[in-house]
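A quick note: this is a predicted structure, and the numbers were derived from the prediction, not measured.
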Amino acid sequence: MVAGAVDGSWSEGQLAAFLMAAWLNGLGGDETLALTRAMLHSGEVWNLRDEVPFLGDKHSTGGVGDKLSLTLSPLLAACGRPVVMLTGRGLGHTAGTADKLDTIPGLDQALTRDRALTVLRRAGMAIGLPTATIAPADRRLYALRDATATIESLPLIVASILSKKLATGAAAVVFDVKAGSGAFLPEPERARELARLLIETSVRLGTPARALITDMGQPLGRYAGHAAEVLESLEVLAGGGPGDTRELTLALAVEVAEAVGSPIPRAELEAVLDSGRARETFLAWSRAQGAEAGWEKDFERHLAPVKRALSAPRSGFLVAVDAREVGLLLVDAGGGRRKPGDAIDFGITLESHVKVGEAVTAGQPLATLHLRGPQPEIEARLAACFRIGEERVLPPPLVYERVAAPAGR
């Protein structure tokens with residue numbers, strides 16, 4: 001089937017029939033493994049671990065305000081742990097790392113194996129878009145999964161993710177699987193099931209893996225919006241930024257370093273952030289991939305200029321945020337895409353001022369929208385995303401649990 005998807009000998013109807021059968025009947029572990037292996041080897045496989053010791057990678061299932069690829073990679077690289085990440089573009093309520101990096105003037109995200117190694121030698125990290133030779137079967141099947149409403153099939157998700165993620169040949173991969181209102185799979189049990197299937201399949205294909213189940217019940221960090229998330233990443237890499245973004249960056253860095261067999265004490269990671277070395281690594285990497293010198297100066301100017309504040313209608317406590325709806329309204333405001341090829345306004349941004357569990361007083365700003373002009377409907381939708389209650393609720397944990405490979409694997 002995979003060969004037919006690549007060479008065109010299988011029609012869209014035949015491929016769609018397979019996808020529907022896989023969704024309706026499910027795929028067993030061996031079937032998921034076979035599908036993933038075939039998709040992985042439908043194109044080029046780099047096997048970089050043969051040349052780069054302790055090479056790490058991370059994959060996130062996405063969310064609103066998730067900029068952790070931009071903070072994790074330079075932190076690890078600054079500690080001498082190399083990272084190569086192939087990224088993707090966003091669709092729907094989640095934004096893609098590649099789109100965020102498009103805000104950096106001059107940055108060339110096209111990565112071949114040779115270019116990835118060249119950039120890696122200069123900066124200790126490389127991030128970019130895969131070439132068309134990486135997992136070509138997934139390109140055709142992914143579009144059909146959308147058309148056949150089979151996107152949420154866990155085996156098909158696993159095959160799609162791993163056929164690209166394992167193609168670089170990292171020594172180990174850590175999966176950041178989101179749960180909560182803004183996650184692709186909101187229910188924690190479904191997130192856990194996906195994490196286990198990703199780990200099991202990855203390990204059976206020869207790549208050690210582990211996962212963290214992390215919270216996406218509210219936007220991560222202070223900013224959700226492409227240019228703003230780059231700005232927040234620079235703040236975190238210089239020792240500042242929001243506490244939740246910093247904490248998850250550190251947690252994932254610990255996991256990746258341990259997974260590749262070269263642990264880093266948390267205290268060392270914190271010191272590297274606070275020293276600004278991680279920020280300098282990020283800037284050195286961007287220049288190695290073609291970014292203009294000094295691009296980071298006054299980067300806040302890229303945010304859309306019209307500010308619309310959302311104030312608390314009454315005193316109480318913030319008890320919930322509909323993160324998925326926040327992501328969708330940012331898309332409708334121009335800050336994302338509903339279908340491939342849609343243009344993105346990189347300056348459209350949500351700036352959060354309050355987190356779940358915190359007390360608020362009437363009239364206190366909860367969030368600020370950065371827009372190009374008044375959009376009353378968008379502003380009204382944002383107000384419905386924040387729920388104020390009379391009793392304090394405990395904030396959700398940033399990390400629900402850690403998922404390791406099964407014993408003996």
Q: Decide, yes or no, whether a salt bridge links D176 with K178 under the criterion of side-chain N to carboxylate O below 4.0 Å.
A: yes

Q. Under the 3.5 angstrom rule, does the side chain of D66 hit a backbone N or O of L68 as a donor-acceptor pair?
A. yes

Q.
Is it the case that the side chain of R190 and the backbone of P188 share a donor-acceptor pair, with hydrogens and angles ignored and the cut-off at 3.5 Å?
A. no

Q: For atom CD of E152, decide whether the heavy atoms of other residues, nucleotides or ligands shown that lie under 6.0 angstrom number more than 12.
A: no

Q: For T131 and T112, work out which heavy atoms get closest and say how close.
A: CG2-CG2, 3.9 Å

Q: Would you check if the side chain of R139 reaches a backbone N or O of I134 as a donor-acceptor pair within less than 3.5 Å?
A: yes

Q: Step by step, work out the salt bridge (charged side-chain N to carboxylate O under 4.0 Å, His left out) result for E247 and R266.
A: CA-CA 11 Å; E247 177 59 31; R266 182 183 167 105; 2.7 Å; yes

Q) Between R192 and E187, is the closest basic N to carboxylate O distance under 4.0 Å? A) no

Q | No-hydrogen, no-angle side-chain donor-acceptor test under 3.5 Å, T87 and T97 | A | no

Q | Distance-only side-chain donor-acceptor flag, Q364 / S311, under 3.5 Å | A | no

Q: Output all residues satisfying ring pair (Phe, Tyr, Trp, His ring centres under 6.0 Å) with W285, sequence neighbours left out; order by chain, then residue number.
A: F282

Q. Does the side chain of R49 pick up a donor-acceptor pair with the side chain of T207 at under 3.5 Å?
A. yes

Q) Is R246 reaching over with its side chain to a backbone N or O of G241, donor-acceptor style, under 3.5 angstrom? A) no

Q: Could you check if a side-chain atom of V319 sits within less than 4.5 angstrom of a side-chain atom of R387, using non-hydrogen atoms only?
A: yes

Q: Taking only Lys NZ, Arg NE, NH1 and NH2, and the carboxylate oxygens of Asp or Glu, determine whether R381 and D322 approach each other closer than 4.0 Å.
A: no

Q: May I ask you to decide if L156's main-chain N or O and S160's side chain share a donor-acceptor pair within less than 3.5 Å?
A: no

Q) Should the heavy atoms of other residues, nucleotides or ligands under 6.0 Å from CG of L394 be counted, would the total exceed 12? A) no

**Q.** Exercise: identify the closest heavy-atom pair between P242 and V236
**A.** CD-CG2, 4.2 Å

Q. Any donor-acceptor pair under 3.5 Å linking the side chain of H370 with the backbone of G347?
A. no

Q) Quick check: does any side chain N or O of K100 sit under 3.5 Å from a backbone N or O of G96, one acting as donor and the other as acceptor? A) no

**Q.** Check: Q375/D332 side-chain N/O donor and acceptor closer than 3.5 Å
**A.** no

Q) Got a salt bridge between R196 and E189, using NZ or NE/NH1/NH2 to carboxylate O under 4.0 Å? A) no

Q) Would you say the side-chain atoms of Q289 pair up with the backbone N or O of I127, donor to acceptor, closer than 3.5 Å? A) yes

Q.
Take a 6.0 Å sphere around CZ of R122 and say whether it holds more than 12 heavy atoms from other residues, nucleotides or ligands.
A. no

Q: Identify which one of D244, V321, L330 satisfies the side-chain contact (heavy atoms from CB on, under 4.5 Å) criterion when paired with P219.
A: V321

Q.
Once side chain to side chain donor-acceptor pair (under 3.5 Å) is applied, what residue pairs with a partner in residues 27-43 remain, sequence neighbours excluded?
A. D30-R204

Q: Taking all heavy atoms of V360 and all of A312, pick out the closest pair and write down the distance.
A: CG2-CB, 4.2 Å

Q.
Taking the side chain as everything from C-beta on, heavy atoms only, tell me whether V230 gets closer than 4.5 Å to F346.
A. no

Q. Looking only at atom types and distance, does a side-chain atom of R279 sit under 3.5 Å from a main-chain N or O of E235, one as donor and one as acceptor?
A. no

Q) With the threshold set at 4.0 Å, does a side-chain nitrogen-carboxylate oxygen contact exist between E351 and R222? A) yes

Q) Is a side-chain donor or acceptor of E229 paired with a backbone partner of G225 at a separation under 3.5 angstrom? A) yes

**Q.** Test item: I388 and P313 side chains (from C-beta on) under 4.5 Å apart, heavy atoms
**A.** yes

Q: Please determine, by modelled atom types, if T368 and H353 share a side-chain donor-acceptor pair under 3.5 angstrom.
A: yes

(Q) Any heavy-atom pair between the side chains of T94 and F184 that's under 4.5 Å? (A) no

Q) Is a salt bridge present between E255 and R402, judged by a nitrogen-to-oxygen distance below 4.0 Å? A) yes

(Q) Testing the basics here: between V64 and A224, what is the closest heavy-atom pair and its distance to 0.1 Å? (A) CG1-CB, 3.8 Å

Q. Could E379 and R308 be called an ion pair, given the rule that one side-chain N must be under 4.0 Å from one carboxylate O?
A. yes

Q. Would you say the side chain of L75 lies within less than 4.5 Å of the side chain of V272, judging by non-hydrogen atoms?
A. yes

Q. In terms of heavy-atom contacts, does CD of E268 have more than 12 from other residues, nucleotides or ligands at under 6.0 Å?
A. yes

